[in-house]
Amino acid sequence: MAYDDELAERIRELITPGPHLVEKKMFGGLAFMVDGNMAVAASGQGGLLVRVDPKEVDALLAADYVDIMVMGGREAHGWLRVTPEALDDDSILAEWVDRGVTYAKSLPPKKN
């Protein structure tokens, strides 16, 4: 399954463009990188992948539309998956995109 083009466009509208932002096709999805750190991605399996502070994962899992991201049969520490149905709500999408971008900006920039 390919990523949702409409979701990718909605993400673009929420992230300030600039040299710090790069879009990259990865794992069947479209990732949005901030200073070399992945922030969010329109998943090739549907929904949104969000990078979060690992210390916040347990609290964020309280939302019934959020799960731990699993890749290759293993849980990805500090990554969550938001279901496609929840993303129909623009405010929920904006909240999660902001969370991912804010966390990615808090990390040291990666060199190309």
Side-chain angles (χ1 to χ4, degrees):
M1 175 174 160
Y3 67 88
D4 181 339
D5 287 322
E6 180 182 329
L7 176 59
E9 186 57 38
R10 290 173 62 212
I11 294 168
R12 282 185 196 101
E13 293 171 5
L14 294 168
I15 299 178
T16 305
H20 67 282
L21 179 66
V22 173
E23 293 180 23
K24 189 173 184 179
K25 290 183 180 181
M26 301 175 73
F27 312 115
L30 183 65
F32 292 81
M33 316 283 283
V34 176
D35 292 325
N37 294 296
M38 193 182 313
V40 297
S43 174
Q45 298 169 353
L48 183 73
L49 304 179
V50 185
R51 189 168 191 181
V52 298
D53 185 333
K55 294 179 276 189
E56 297 178 357
V57 167
D58 289 339
L60 295 171
L61 287 170
D64 60 355
Y65 55 83
V66 177
D67 285 309
I68 295 282
M69 182 180 121
V70 177
M71 182 169 251
R74 297 176 60 188
E75 291 185 356
H77 190 65
W79 283 91
L80 299 176
R81 177 181 301 280
V82 180
T83 64
E85 298 79 20
L87 301 173
D88 289 341
D89 183 324
D90 289 337
S91 64
I92 289 175
L93 175 62
E95 172 189 339
W96 286 98
V97 169
D98 181 62
R99 185 182 307 280
V101 169
T102 299
Y103 185 66
K105 285 181 177 179
S106 76
L107 301 170
K110 290 186 179 176
K111 295 181 181 180
N112 294 335

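Every value quoted in this text rests on a predicted model; they were computed, and no experiment measured them.
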Query raised in the report: Ignoring hydrogens and geometry, is there a side-chain-to-backbone donor-acceptor pair from R81 to Q45 under 3.5 Å?
Result: no

Requested in this report: Starting at CD1 of I92, measure out to CD of E85 and round the result to the nearest 0.5 Å.
Outcome: 11.0 Å

Which donor-acceptor pairs under 3.5 Å do the side chains of residues 48-59 make with protein atoms, sequence neighbours left out?
residue, atom, partner, partner atom, Å
D53, OD1, K55, N, 2.9

Report summary line: In short, V82 meets L87 closest at the heavy-atom pair CG1-CD2, 3.6 Å

Query - Side-chain heavy-atom pair W96, L60 within 4.5 angstrom cut-off - result: yes

Query raised in the report: Taking the side chain as C-beta and beyond, is there a heavy-atom pair between D90 and E95 under 4.5 Å?
Result: no

Report summary line: The reported gap from CD1 in I11 to CD in E9 (rounded to nearest 0.5 angstrom) is 10.0 Å

Report task. Side-chain contact test, heavy atoms from C-beta onward, threshold under 4.5 Å: evaluate it for M38 versus W79 and give yes or no. Result -> yes

Report summary line: On a heavy-atom basis, the closest approach of A104 and V34 is CB-CB, 4.1 Å

Requested in this report: May I have the step-by-step check of salt bridge (Lys or Arg N to Asp or Glu O under 4.0 Å) for R10 and E6, ending in yes or no?
Outcome: CA-CA 6 Å; R10 290 173 62 212; E6 180 182 329; 5.1 Å; no

Report summary line: Between A8 and Y3, the two heavy atoms sitting closest are CB-CE1, 4.0 Å

Requested in this report: Nearest 0.5 Å please: distance from the CE atom of M33 over to the CD atom of E23.
Outcome: 11.5 Å

Requested in this report: Indicate yes or no: at least one non-hydrogen side-chain atom of V22 is less than 4.5 angstrom from one of D35.
Outcome: no

Requested in this report: Would you name the heavy atoms of A41 and A31 that are closest together and state the gap between them?
Outcome: CB-CA, 3.8 Å

Query raised in the report: Does one hydrophobic cluster hold both V66 and V97, with members joined at side-chain heavy-atom distances below 4.5 Å?
Result: yes

Query raised in the report: What are the two closest non-hydrogen atoms of G36 and K110, and how far apart are they?
Result: O-CD, 3.4 Å

Query raised in the report: Once you round to the nearest 0.5 Å, how far does CG of L7 lie from CG of L93?
Result: 6.0 Å

Query - Side-chain touch L61/L80, heavy atoms, less than 4.5 angstrom - result: yes

Query raised in the report: Between L30 and L14, is there a shared hydrophobic cluster once you connect ILVMFWY residues whose side-chain heavy atoms come closer than 4.5 Å?
Result: yes

**Report entry** H20 NE2 to I15 CD1 distance, which is reported to the nearest 0.5 Å
**Finding:** 7.5 Å

Query raised in the report: Does N37 use its side chain to pair, donor to acceptor, with the backbone of P108 at less than 3.5 Å?
Result: yes

Report task. Over all heavy atoms of both residues, which pair between D89 and S91 is shortest? Give the atoms and the distance, please. Result -> OD1-OG, 2.5 Å

